[in-house]
Amino acid sequence: MVEVGDKLVGYATDDEVRKRGASGGLVTAVLAAALEKGMVESVVVLKHIDEYEAVPIITDDVEEVLASTGSMHSVPVNLAKYAVDRKVAMPGKPCDIKAVIEQSKRNKIDLDNTYLVGLNCGGTMPPVLTKQMLIEMYDIDPEDVVGEDIEKGKLIYRTKDGNEKAISIEELEEAGFGRRKNCQYCQLKIPTNSDLACGNWGVIGDLAGSATFCEVMNEKGKRLIENAVEAGRIEVEPASDKAIAIREKVNGVMVKMGETTQEKVFTQMPDEERLPYYREALADCIDCGGCKLACPVCSCGDDAKCTLFHNLGDNYKMSMFHLVRLLHLSDSCIGCGQCTDVCPVDIPITRIQMSFSIPAQTRLNYKPGMNADEKPPFFEVMIQ
Amino acid sequence: MADNNDWEPKIVAFCCNWCSYGGADTAGMGRFQQPASTRVIRVMCSGRIDPLHVYNAFLEGADAVLVTGCHLGDCHYVNGNEKTELKYQFLEEMVKQLGLEPERLHLNWISASEGERFANFINDVTAKVKEIGPSPLKPEGVS
């Protein structure tokens, strides 16, 4: 049977599910099987609204799981907090999985109860900017789009009338569109921290587009696959060497791109320019607290240190709220970009946070969200 | 603001009750000269010093902040100062990244008998801060 470390190619046995899924419907089928057989109490999935909007739902209805969306590039939501205090199986981008693991380190999520199906992710796109991009760069009415795909570094949109248009991601990003800024320098594309790392990279030949490549990362992933095979929901076969090589190659190219962008974005600013830059950027803050609420790592709750000592009347030269948050997350920021997304005054919070986090994490040689047994350095105080 | 030489920096020194506060006391009893630039805040243990306190000091107008406590291994509360050290590492990194001069933040272990060491420490820091001038985070209207 299936062993930990196995690399498989599989697809859903149900034709309807296989067709609707982005690549073979394996993830949907695995989640449905886990729910059906009582491995979990509920499943977190995205419910499709339109091409640019989907809402996360927690459901215990197998039909609803099967009806969930395929992959959506323009819905950059982080699912981690939906797993808090529940026995769930959930799909997730690498950053969702990172966040779940960080929450488990903070005793909010019990990893034994949570099954994580990771999805390969080359990056997500902000919905509003995407619509604007479709009008300006693609000359397509956003309402006419029926499908999207990323292939060979190009972003492809299919319209109702059967046309396709492809523009290279590099070109889009130079024009200020394309993936979210933090995705451009993200360096985890295959979620090796999940239980089951799935995606369409490495699916070749006849199966291309109708099967999923998945790697069994641990015992929980093995249970997921075995359960789904037993339930008759999926069929799997070992991946060929060529498929594995292609997947590695795609991953290598994407990670390399991320590294180059990171170097470009985080070139060290001269000492004397840094403080004015941070002060000016954070001066726009209207204290809505959205970044704290949206942060999938933060787990303090309502009475947190960052908000507790924050008083507008103080008229400080820099926001105490942000100073405390920058420090508290300096070892644990996973760079998911949720804070920048929700910020109503468009402060590039993720970029600012990462300029503190990257040096700290490099120095400590700590990668947040990768290994559940590794405690955050900030917690590492021995009590003898 | 007058000439830089007349300007006396404001330095906030967090001292732990058992060691460095005693050190400050000893410095006084031993009549070691030190500038009147420090404002000492006594805490029961250096482990009590939250990075938040340090930020608050800076935002309220401190030109430098000193975090002091017992020597490692001598903590009155077993390992409070090890916690301080850990927190300080993050704080130091962050102050550096923010673009504040690293001379504005110091960590030092001073025992109750080391009065001279305390006085010398204050002398050194004051001289350095006088050189680099007032803190850019000082609110308007605070000298």
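Here is the naming used below: chain letters follow the sequence lines, and residue numbers restart at 1 for every chain. Everything numeric in this text was worked out from a predicted model, so none of it was measured.
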request  = Check whether more than 12 heavy atoms from other residues, nucleotides or ligands sit under 6.0 Å from atom NZ of A/Lys256, and answer yes or no.
outcome  = no

remark   = Okay, B/Glu85 and chain A: the region with an atom under 4.5 Å from a heavy atom over there is neither

side-chain contact (heavy atoms from CB on, under 4.5 Å) between B/Glu140 and A/Lys317, intermediate numbers included = CA-CA 9 Å; B/Glu140 266 128 51; A/Lys317 279 203 167 177; 3.7 Å; yes

request  = Using non-hydrogen atoms and a 4.5 Å limit, figure out which bit of A/Ile352 sits close to chain B: side chain, backbone, both or neither.
outcome  = neither

task = May I ask you to check whether over 12 heavy atoms, not counting those of A/Glu272, lie within 6.0 Å of atom CD?
result = yes

key: B/Tyr55 and A/Met318: CA distance, side-chain angles, deciding distance, side-chain contact (heavy atoms from CB on, under 4.5 Å) verdict   = CA-CA 10 Å; B/Tyr55 290 143; A/Met318 231 176 138; over 6 Å; no

inquiry  = Please determine whether side-chain contact (heavy atoms from CB on, under 4.5 Å) holds for the pair A/Arg274 and B/Leu100, giving the CA-CA distance in whole Å, both sets of side-chain angles, and the decisive distance to 0.1 Å.
reply    = CA-CA 9 Å; A/Arg274 281 209 294 274; B/Leu100 271 181; over 6 Å; no

message = The test is salt bridge (charged side-chain N to carboxylate O under 4.0 Å, His left out); show your working for B/Lys96 and A/Asp271 and say whether it passes.
response = CA-CA 8 Å; B/Lys96 206 173 87 194; A/Asp271 282 2; over 6 Å; no

Euclidean distance, B/Gln97 CD relative to A/Leu275 CG, rounded to 0.5 Å = 12.0 Å

inquiry  = Which one wins on heavy-atom pair count under 4.5 Å against chain A: B/Pro51, B/Pro139, B/Pro136?
reply    = B/Pro136

query = For B/Phe90 and A/Asp331, which heavy atoms make the closest approach, and how far apart are they?
reply = CE2-CB, 3.6 Å

key: Engaged part of B/Asn56 at the chain A interface, taking heavy atoms whose separation is under 4.5 Å   = both

request  = Could you have a look at B/Asp50, B/Leu52, B/Leu91 and say which one has the most heavy-atom pairs with chain A under 4.5 angstrom?
outcome  = B/Leu52

query = How far apart are the closest heavy atoms of B/Glu60 and A/Tyr316, and which atoms are they?
reply = OE2-OH, 2.8 Å

B/Met94 to A/Phe356 - nearest heavy-atom pair and separation = O-CE2, 3.6 Å

ask   = If you count the non-hydrogen atoms of other residues, nucleotides and ligands that lie under 6.0 Å from CD in A/Glu170, is the total more than 12?
value = no

Max heavy-atom pair count under 4.5 Å with chain B, selected residue of A/Val324, A/Leu327, A/Leu326 = A/Leu327

message = How about CZ on B/Arg48, more than 12 heavy atoms from neighbouring residues, nucleotides or ligands closer than 6.0 Å, or not?
response = no

request  = Check whether any side-chain heavy atom of A/Ser330 lies under 4.5 Å from a side-chain heavy atom of B/Glu93, and answer yes or no.
outcome  = no

